[in-house]
Amino acid sequence: MQDRPTARATYEDLRAVPPHLVAEILGGALTTHPRPGPRHVLAGSGLGVVLGGPFQLGAGGPGGWWILDEPELHLGEDVLVPDLAGWRRERLPRLPDTAWFEVAPDWVCEVISPATARHDRGLKRDIYGREGVRHLWHVDPAARLLEVFTIADPGWHLVRTFREDEEVAAPPFEAAPFRLGLLWAE
């Protein structure tokens with residue numbers, strides 16, 4: 001039996017997805033998953049707060065970044081929605097006027113959940129590498145850990161894993177360390 005060619009997902013397919021789902025186009029296929037749960041949202045929001053002050057606003061840190069929650073990325077034919085992403089302002093001096101970004105971020109953070117783990121650790125990570133993202137963080141609220149990756153030849157290199165309430169000083173945000181425990185619900 002021959003495989004029939006399948007039509008590649010379009011942006012219109014993505015827009016037709018109900019709003020209670022997160023939709024992405026990965027490798028030509030429309031992918032959906034439920035909106036994140038409270039622990040997932042708490043970890044992502046907390047990380048945005050911790051990094052936003054010193055790196056976006058320059059409060060207690062060097063500034064020079066845009067740090068955004070759930071930006072829509074149009075990278076080639078792929079449309080991705082990471083939990084957080086950051087751009088150095090020297091690479092992206094102004095935010096786009098569109099509802100999405102076509103410039104790959106310098107840093108991406110995916111908060112891992114059972115619904116997203118396969119794509120976050122697989123195809124999305126591959127796309128980020130292909131598009132030149134230099135730094136990738138995986139935050140896992142259930143395991144209370146942070147995995148820090150940098151891109152290296154031939155692919156992603158795990159720099160370090162932080163656990164529980166360790167102090168995090170990790171690329172590209174070493175200039176303003178923080179306690180990982182700030183991201184977990186007690």
Contacts under 3.5 angstrom, residues 39-55 side chains, donor-acceptor by atom type, not counting sequence neighbours:
residue, atom, partner, partner atom, Å
His40, NE2, Asp83, OD1, 2.9
Ser45, OG, Val41, O, 2.9

Distance-only check: which donor-acceptor pairs under 3.5 Å involve side-chain atoms of residues 168-184, not counting sequence neighbours?
residue, atom, partner, partner atom, Å
Arg179, NE, Asp165, O, 2.9
Arg179, NH2, Asp165, O, 2.3
Trp184, NE1, Glu164, O, 2.7

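In this structure, the salt bridge (charged side-chain N to carboxylate O under 4.0 Å, His left out) partners of Glu166, at least two apart in sequence or on a different chain, are Arg160. When the side-chain contact (heavy atoms from CB on, under 4.5 Å) test is applied to Glu12, the partners found at least two apart in sequence or on another chain are Thr10, Arg15. Judged as a side chain to side chain donor-acceptor pair (under 3.5 Å), and not counting sequence neighbours, the contacts of Glu110 are Lys124, Tyr128. By the side chain to side chain donor-acceptor pair (under 3.5 Å) test, Glu167 pairs with no residue at all, sequence neighbours left out. For Glu77, the side chain to side chain donor-acceptor pair (under 3.5 Å) partners at least two apart in sequence or on another chain are Arg8. The side chain to side chain donor-acceptor pair (under 3.5 Å) test applied to Asp78 returns Arg130, not counting sequence neighbours. Annotation: salt bridge (charged side-chain N to carboxylate O under 4.0 Å, His left out) contacts of Arg163 (sequence neighbours excluded): none. Applying the ring pair (Phe, Tyr, Trp, His ring centres under 6.0 Å) test to His119 and every residue at least two apart in sequence or in another chain returns nothing.
Residue pairs meeting the salt bridge (charged side-chain N to carboxylate O under 4.0 Å, His left out) criterion with at least one member in residues 87-98, sequence neighbours excluded, are Arg91-Asp106. Each salt bridge (charged side-chain N to carboxylate O under 4.0 Å, His left out) pair with one or both residues in residues 57-74, not counting sequence neighbours, appears once here: Arg35-Glu70.
When the side chains of ILVMFWY residues are joined at heavy-atom separations under 4.5 Å, either directly or via intervening members, Phe101 and Leu84 end up in two distinct hydrophobic clusters.
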